[in-house]
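Atoms considered below: every heavy atom in the structure, side chains included; atoms not considered: hydrogens, waters and symmetry mates. To find a chain, count down the sequence lines: A is the first, B the second, and so on, and within it residues start at 1. Keep in mind the model is a prediction, meaning the values are calculated, not measured.
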Amino acid sequence: MSRLLALALLAAATPPLTAPLPAQAIPERPEELRFAPSTFEPPPVDGLRFELGNGLPVFVVPDRSLPLVDVVLALPAGDRNEGPGEDGLASMTAAMARRGGAGDLGTEQLDDAIDALGARIEASSSWSRTVLVLDSGSESLDRGLELLASILFEPRFDEARLEQAKDNLRVSLLAEADDPRAVLDREWLRLVHGPDSKRSRRLTEASVAAFEPGVLARFHRRHWRPEGTVIAVSGDVETESLVARLDELFGGWDASVSEAAGEETDQAGRPGGGSPGDEESEASPDVAAASPGWRTIDRRGPQAAIAIGHRGAVFDTWDDPDRWALMLLTEILDGPGAVSRLRSRLQLEEGLTYRVLTWFDLDVVRAASVSAGRQGGGEFRVFLETAPESAATAAAAVLEELRRLRREEVPENEIATARQSLLARLPLLFDRAETIAGRYAEDELLGRPHAYWAMYRERLLSVTAADIRRAAQRFIDPEGVAVVVVGDSAPSVDPGVRVERVPAEPERDVAGDSGQQVAAGIGRQSLLR
Amino acid sequence: MKHGGALALLLVASTAAAATSPPLEPARFTLDNGMTFLVVERPDRPLVAAVWGVSAGSASDPPGRRGLAHVVEHLLYAGSRTIGTRDWEKEAPLLRRWERLYEQSVRRGAAVSGLDRVEQRLAAVQRPGAYSGVYTRAGALGIDAVTRHDSTTFQTLVPKEKVELWFWMEADRLLEPVFRGFRRELAVVEQERRQRIDSTPAGTWFELFDAAYWGAGHPYAHSPGGERLEVARLLPAAARSHFETHYRPDRLVAVLVGDLSPERARALAERYFGRLGGGGRARGGGAGDAESAEKVEEVAGPALESLEGLCACRSQVEIRYPTVPFEAGGDAVALDVLAGLLNSRSGRLYRDLVVGEGRVAFAASAEHVSRRLGGYFAVRIEAGDAVDLEELIPAWDRLLGRLRTARAGDAELERVRRQLLTDSWRQLEQDAGLAHRLAAAEALGGWRQLTEWLDAAAVVSADDLARVIDRYLRPADRAVLSLTRTGNSGR
């Protein structure tokens, strides 16, 4: 028995202490505290996975401590399935499936039916998935599931409600032109992915105008399909009867019910998937921005917003050594703990910013579609805000840190801290029934093997300083970055970046009555009310 | 480290019907020095959510020092005599010298010679970020703090095996905090302010509206972020004085949720936090403190000034009606239920203003904000496509008229109750959220208010709603913020 435990038991067995323990009971420094080793292991997936009659996988993690149930149904369809001129269609389809009535219920009847249960049902869409969420008390679960199925299978896309949503979307578009962060996002994505990439396309007045009930219904028929769909359920449920009920509601859903996706079938299945038979990617991936360089968009304000980066990495396996190395590299550069190079430098040493946010997409797509995955690949982005007069200094500091990762090996103690910090977050990914069911269902949606979690610790432990440097040299390209500054700021002081001081963008007609293309958007989900 | 916006943590929790009562029964104990602990044992959790708070926030900022509570929140991450320094014996005299020079330079409004040199020498012995570094290396997460009007809270998620580290670290900074890196922290606070308030289209207006609504000198008239010029002139001595006045054990509440037994929590609490106050390193507790605590209780009512402006945002109005301070019963709860009746997709605001026949709004919501010293009922309406600002308030007044004549029906009330009940369960699901709620309720008079609030909400009747509408939602007795949209050059 540890001394600590003995003390704890002693304290529990005695009346409240009237005087503090002697000082020597408390170590001088926190490093002197001794702890039992972490025993955390991701919970086994065995016994959590079920299949409905049509093969639809369902993950169930019961937790009966509160009378609540969460149900998540995820479809592998999203923005990436939009065709030309359809910008925002995936999100609009999801939003209106929930809002536009379903089955026998009109718009208000559906809202009333859901609210009367005290439940919530929401539908939303992102780049590669559409998610329907039901969150209800367990006594209302059965009716909630019926409503969810009705929204999934027979949305009505009510015309009047759609017109109202379109009006609101126009108001949103106007507001986004006012928001420096939205302006930054639009411009930076355009430079990184090129103006024609699906990744950089944004909602416009024209694409909003094209939303019609028939258009939404067509997208729904083509892309809301059972192939690749997963369901996760957690909370106050009895597994056997729940799976039986899910089978009644969703087990008969088969491909013939939905319209074949025709020319876009190659997109179904896995996110980021391209046409089979695409050529293999080159050995050295090109992560540089489509239009590297520095762009300043003059805009008066107390704060300059800055985005720096290029395309993200794309791998053909979850177990690529460079992928594990990049996870550690991102943590070293800007992990959420205080031990982050960017935060140490920009906040703790120089007080230049309140917060730096770094994002490195490490997408995995199936072999044979890696080159198509470039379209599917995401971004490597450092975002920060600072006083306009500090913008150039702050951006130069970020670029210097990127070069340093390529130039020098990271000291072992820094790697150890980053590793510790990443491993520490692992329990958070499995910390309760909802996250466990969701994580394993997501594995299936992404094609990520469940074994990924079992190898997680060991793989991170085996990454070396040389691995990180090699990954930095392959996947970080300081000369290929796009830097966008929205703010009243001086040009770059970084000698290595090609400065392209662009004159202030002409003021757009944000009143919007000229009908010209207006503005942009940070996530489409947030656009609808 | 953030500071709370205008909309404070709303207390919404627990249940009505006995059959569905959420299983919430935290162990509660108080140390001899007055510090209170609540422990909710949840055996399977890998992390312990640990939150402690002090019942003093920006409402305690003295005149001329608006933003002080928030700056102290930041400074509490600078470490102690043990954490954040390479050599405290060397650092301490340098820090005293730096403070003298810094005070002189602030008072003169010009740099004093030698300040930079001392700062450089300090940099050689200080370790910025060391406090969070200890936690991060141990695998702790979610290290954050928030300053609200009536409270300041500090949060950490710590691996269950290492929960003792939390006791060590938090007691250490409460025992002998060192407010180092003062000048740099003021700069970070200023960046935070710009990012949170100045850079959001309507942020500055809401801050100005708070001042207009409450009136100059009212404790709620300024946001927790404070006033920029006053923050810039703050001195380390003021920060220490704030800390010593307010961070006393009898004003501290700590909540732990996770795989930790109340017995073990109590033993560790006695050992680590038992040292605060009372002992050899006693602090605070003077007559002046009681006086300042009294002072905040006697505040004037809101000034109810309205405000109009141009903003690079959606045209919108916020209508505020003065109500009552926080209470887990009576009119306060009826007003909370009224907000529930107005909100959600089957609520009156959405039906009438957002999607109804004569719709005028892009979005509309209601909220009852009730704090320790006062409350208000707020209705916020953002104008729809091609709708004039002038149409919004009459539309709300018509809705209010219909609320007066067509009372809430049984089904409508039942819907609100069910939503409140399910919401209350949801709020128990996440450990950190629960810890914050318990800490807030305990500071406002006892954690049981979480359950009492819902018991009260369950019996709110249509008559109660009619009563609070008549009593509080009076057109003569309100203040309005009206923002008209301008182009993106406007500021």
Given that the side chain runs from C-beta out, which part of [X] has a heavy atom under 4.5 Å from chain A: side chain, backbone, both or neither?
X        : value
B:Leu186 : neither
B:Ala411 : neither
B:Leu141 : side chain
B:Glu429 : both
B:Arg183 : neither
B:Ala361 : backbone
B:Val188 : both

Top contributor to chain A interface from [options] [non-hydrogen pairs under 4.5 Å]:
options                               : result
B:Gln430, B:Arg184, B:Glu190          : B:Arg184
B:Ala140, B:Ser346, B:Ala130          : B:Ser346
B:Lys162, B:Met169, B:Gln419, B:Arg42 : B:Lys162
B:Glu412, B:Arg45, B:Arg359, B:Glu185 : B:Arg359

- For atom CG of A:Asn413, decide whether the heavy atoms of other residues, nucleotides or ligands shown that lie under 6.0 angstrom number more than 12. yes

Of all of [options], which one pairs up most often with chain B through heavy atoms under 4.5 Å apart?
options                                : value
A:Thr386, A:Leu422, A:Leu423, A:Ile114 : A:Thr386
A:Val171, A:Asp167, A:Asp115           : A:Asp115
A:Asp135, A:Thr353, A:Asp431, A:Leu428 : A:Asp135
A:Glu434, A:Gln164, A:Arg432           : A:Gln164
A:Gly137, A:Ala433, A:Ser38, A:Pro427  : A:Ser38
A:Leu117, A:Leu68, A:Leu352            : A:Leu68

At what distance, to the nearest 0.5 angstrom, does [atom1] of [X] lie from [atom2] of [Y]?
X        : Y        : atom1 : atom2 : answer
A:Asp158 : A:Glu163 : CG    : CD    : 10.0 Å
B:Cys311 : B:Arg485 : SG    : CZ    : 9.0 Å
B:Ile83  : B:Tyr131 : CD1   : OH    : 9.0 Å

Proximal component of [X], with respect to chain B [non-hydrogen, under 4.5 Å]:
X        : result
A:Arg419 : neither
A:Ala160 : neither
A:Arg170 : side chain
A:Glu28  : backbone

- Message: Check whether B:Tyr135 reaches the backbone of B:Gly142 with its side chain - one donor and one acceptor, N or O, closer than 3.5 Å.
- Response: no

- Query: With no hydrogens and no angle check, is any side-chain donor or acceptor of B:Arg180 less than 3.5 Å from a backbone partner on B:Ser80?
  - Reply: yes

- All salt bridge (charged side-chain N to carboxylate O under 4.0 Å, His left out) counterparts of B:Arg228, not counting sequence neighbours: none

- Task: Please step through side-chain hydrogen bond (donor to acceptor under 3.5 Å, both in side chains) for the pair A:Arg143 and A:Ser136, ending with a clear verdict.
- Result: CA-CA 10 Å; A:Arg143 179 67 182 136; A:Ser136 96; over 6 Å; no

- Message: On the six-membered ring of A:Phe383, is A:Arg181 placed so that its NZ or CZ lies under 6.0 angstrom from the centre and within 45° of the ring axis?
- Response: no

- Message: What I want to find out is whether B:Asp410 reaches B:Arg417 closely enough, with some N-O distance under 4.0 Å, to be called a salt bridge.
- Response: no

- Message: Testing A:Arg120, A:Arg98, A:Arg99 one by one against A:Asp111 for a salt bridge (Lys or Arg N to Asp or Glu O under 4.0 Å), which residue passes?
- Response: A:Arg98

- Query: Which residues pass the side-chain hydrogen bond (donor to acceptor under 3.5 Å, both in side chains) test with B:Lys160, sequence neighbours left out?
  - Reply: B:Asp259

- Message: Quick one, B:Trp166 with B:Phe273, criterion ring pair (Phe, Tyr, Trp, His ring centres under 6.0 Å). Give me CA distance, side-chain angles, the key distance, then yes/no.
- Response: CA-CA 11 Å; B:Trp166 178 83; B:Phe273 291 95; 5.6 Å; yes

